[in-house]
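Following: one structure in structure tokens, then a few remarks.
Within every chain, numbering begins at 1; the chains are lettered A, B, ... in the order of the sequence lines, protein sequences first and strands thereafter.
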Amino acid sequence: MRKDLKSPLCKTPKMKSIQKETRLSLISGIILFLGLLIVNLFWLFYSLLGKNHWLMAGISVFASFLIFVFLVFRGLRKNHLAKDSGEKESDSKEEQKSVTFSQSNSSGEVQKTNEDFRKLKEEFSKTTQALFQRETELIQANKKIQELDAIKSEFVSVAAHQLRTPLTGIKWSYLALLEKETGSLNPEQKKIIEEGLEAIDYAIDTTNDLLNTARLEEGKTTISPEEQPIGPVIQEILKQHEPVIKEKKIKMNIDFPFSSPLSLKFDKEKISIVFDNIFANAVKYTPEGGSIELKAFREKDAVVFKIKDSGIGIPKAEQEKVFSKFFRAKNAVSFQTSGSGLGLYVAKNIVEKHGGEISLESEEGAGTTVAFSLPVK
Amino acid sequence: MENNKENNEQATKHILIVEDDTFMSSLLARKFSSENFKISAAANTQQAQEILEKENVNLVILDVVLPGTDGITFLKNIKANSKYGSVPVVIASNLGQPEEVKAGMNSGATDYIVKSNSSPGEIVEKVKSILEKRP
């Protein structure tokens with residue numbers, strides 16, 4: 001006869017304990033219900049009782065008595081539970097003993113189960129090991145990515161420095177010649193030097209554009225906005241484009257007072273890049289004698305800047321790509337071979353980082369309008 | 001006559017250019033000389049320190065990428081020196097990423113110029129404006 005077999009109908013001490021516990025819980029519940037009922041009825045009929053103090057006192061005493069009885073039963077139940085938990089512990093020890101006993105008796109089955117357990121344990125151990133290995137690999141891969149990112153960042157910085165250094169040397173020497181530091185130049189020499197300077201400035205601009213793009217791609221372009229007037233920023237950028245504007249006899253219509261007290265929260269260096277890139281395009285693609293307009297106006301919670309030129313425009317089919325990296329319209333390439341196709345891409349990223357929007361309208365042969373907004377708040 | 005000469009000497013400001021590229025250094029020196037500045041040139045920070053120790057320098061134009069000690073470390077050394085710590089230092093470098101500019105300014109530079117985006121004439125004007133503001 002096996003010792004661990006127990007009939008479900010048998011009244012074990014465990015079951016007795018459950019029944020006792022249920023009884024005590026039921027009595028406590030009924031008492032609590034009665035107590036609450038009396039208290040509630042008392043409050044409900046309080047006004048009807050008037051000034052019958054004896055009745056009120058009686059009800060209070062009775063309600064208190066019921067609460068006292070409830071607490072006594074609750075205490076009894078707790079004691080019983082504590083006692084029961086001790087019994088359960090010893091029961092569990094006994095059960096363990098009986099399992100060991102049964103193991104020795106049904107060795108075949110148990111051995112098979114044990115073998116299954118061993119296999120499962122081994123499998124679990126292998127899976128855990130594989131997971132740890134995968135985690136280590138992931139940590140190493142992540143570290144490598146971070147290292148590569150740092151190398152890439154350093155490379156971009158060093159490359160920019162190495163490209164800029166010889167260009168600066170050429171630029172400064174051409175400037176020395178142009179500023180007649182070594183004597184005056186004849187018109188032909190002057191023209192050659194001026195064109196050489198333009199080529200160098202283009203190479204420097206492209207280097208800067210590539211550097212800005214690399215930083216945008218890395219997500220490193222952070223903005224540090226400060227409340228400041230926008231007028232002087234636009235004025236400074238226009239000053240830089242003045243020589244070409246004069247040379248091409250472009251008419252400038254500025255509907256914005258540079259001395260305007262209009263202050264916005266923006267990153268001066270980054271917004272200068274936006275204005276510079278948009279004006280550079282306008283000046284570059286506007287033929288001689290053309291015009292460029294600048295307007296600024298308030299629209300809801302933002303200030304909108306509109307730069308309109310009478311340039312070559314962009315074919316309709318190509319307009320959706322204007323803010324893409326390295327995009328240059330076909331007519332732009334044939335009009336002016338130089339251009340990195342990064343200006344509007346960089347401008348869009350910077351404007352959006354400020355919480356603004358940028359858009360473009362264009363008609364081939366008639367001109368282009370670039371509008372961008374900067375939030376007021 | 002002698003009085004005039006004295007006044008001119010008083011007005012002449014001494015600029016120390018710390019630049020390892022001698023070609024660029026000479027172009028910058030030429031521009032400053034044409035504007036009546038006294039120029040000293042150093043190709044590394046050791047030479048620059050010797051000049052600072054011996055002479056009365058009014059302003060330093062400092063490159064960042066230099067052989068031996070780099071410009072930022074040298075700038076910190078200048079600012080920590082009791083004798084010439086108050087001399088304004090303008091960084092002129094072709095490193096121009098925001099964190100590089102920030103590192104220079106945080107180390108005590110008065111201004112930071114990216115050489116490729118500037119001309120010797122503009123650097124002279126910037127130096128003049130800094131010196132005018134000083135007593």
Side-chain angles (χ1 to χ4, degrees), chain A residues 150 152-183 197 200-216 218 220-224 236-237 239-240 243 267-270 272-273 276 350, chain B residues 15 17-37 39 41 43 61-67 70-72 90-106 111-127 129:
Chain A
K152 187 187 158 195
S153 181
E154 203 186 326
F155 171 75
V156 168
S157 171
V158 171
H161 178 266
Q162 296 305 329
L163 283 168
R164 279 167 174 165
T165 301
L167 290 170
T168 310
I170 305 167
K171 179 179 171 173
W172 285 11
S173 50
Y174 275 33
L175 279 168
L177 293 174
L178 204 61
E179 286 163 13
K180 298 169 191 168
E181 283 180 24
T182 52
L197 260 176
I200 294 155
D201 277 336
Y202 168 66
I204 291 170
D205 287 348
T206 308
T207 310
N208 291 343
D209 280 349
L210 285 169
L211 190 63
N212 286 332
T213 309
R215 290 182 66 81
L216 283 169
E218 281 179 75
K220 270 193 168 178
T221 300
T222 48
I223 58 158
S224 315
E236 178 62 33
I237 298 298
K239 204 176 148 192
Q240 287 171 23
D267 184 320
K268 191 180 171 186
E269 189 202 331
K270 305 289 186 310
S272 296
I273 294 174
D276 189 29
I350 293 173
Chain B
I15 308 295
I17 301 170
V18 190
E19 168 68 77
D20 62 325
D21 189 320
T22 47
F23 175 56
M24 262 196 288
S25 177
S26 68
L27 288 169
L28 202 52
R30 179 194 284 272
K31 193 73 192 173
F32 271 102
S33 298
S34 72
E35 299 275 346
N36 294 323
F37 283 91
I39 297 297
I61 293 175
L62 178 66
D63 192 11
V64 173
V65 183
L66 289 165
D70 67 277
I72 301 292
V90 174
I91 293 179
S93 170
N94 267 325
L95 290 176
Q97 300 209 45
E99 55 270 23
E100 290 155 349
V101 176
K102 202 177 169 188
M105 296 306 285
N106 287 346
D111 210 335
Y112 195 112
I113 296 165
V114 179
K115 285 186 280 192
S116 64
N117 299 345
S118 211
S119 68
E122 283 165 350
I123 296 175
V124 169
E125 288 310 311
K126 197 152 260 180
V127 165
S129 129

Listing, residues 120-127 of chain B side-chain donor-acceptor contacts under 3.5 Å, not counting sequence neighbours, or none:
| residue | atom | partner | partner atom | Å |
| --- | --- | --- | --- | --- |
| B:Glu122 | OE1 | B:Ser118 | OG | 3.3 |
| B:Glu122 | OE1 | B:Ser119 | N | 3.1 |

Those residues that, when tested against A:Thr165, pass side-chain contact (heavy atoms from CB on, under 4.5 Å) (two or more places apart)
A:His161, B:Asp21, B:Met24, B:Asn94
Decide whether A:Asn208 and A:Arg164 meet the rule of one side-chain donor and one side-chain acceptor closer than 3.5 Å.
yes
Taking side chain as everything from C-beta outward and backbone as N, CA, C, O, which of these in A:Leu167 sits under 4.5 Å from a heavy atom of chain B? Side chain, backbone, both or neither.
neither
Proximity breakdown for A:Gln162 and chain B, heavy-atom pairs closer than 4.5 Å
neither
Checking B:Val65 against chain A: side chain, backbone, both or neither under 4.5 Å from a heavy atom?
side chain
Heavy-atom cut-off 4.5 Å, strictly under: side chain, backbone, both or neither for A:Leu211 against chain B?
side chain
Salt-bridge present (A:Lys268, A:Glu236; N to O < 4.0 Å):
no
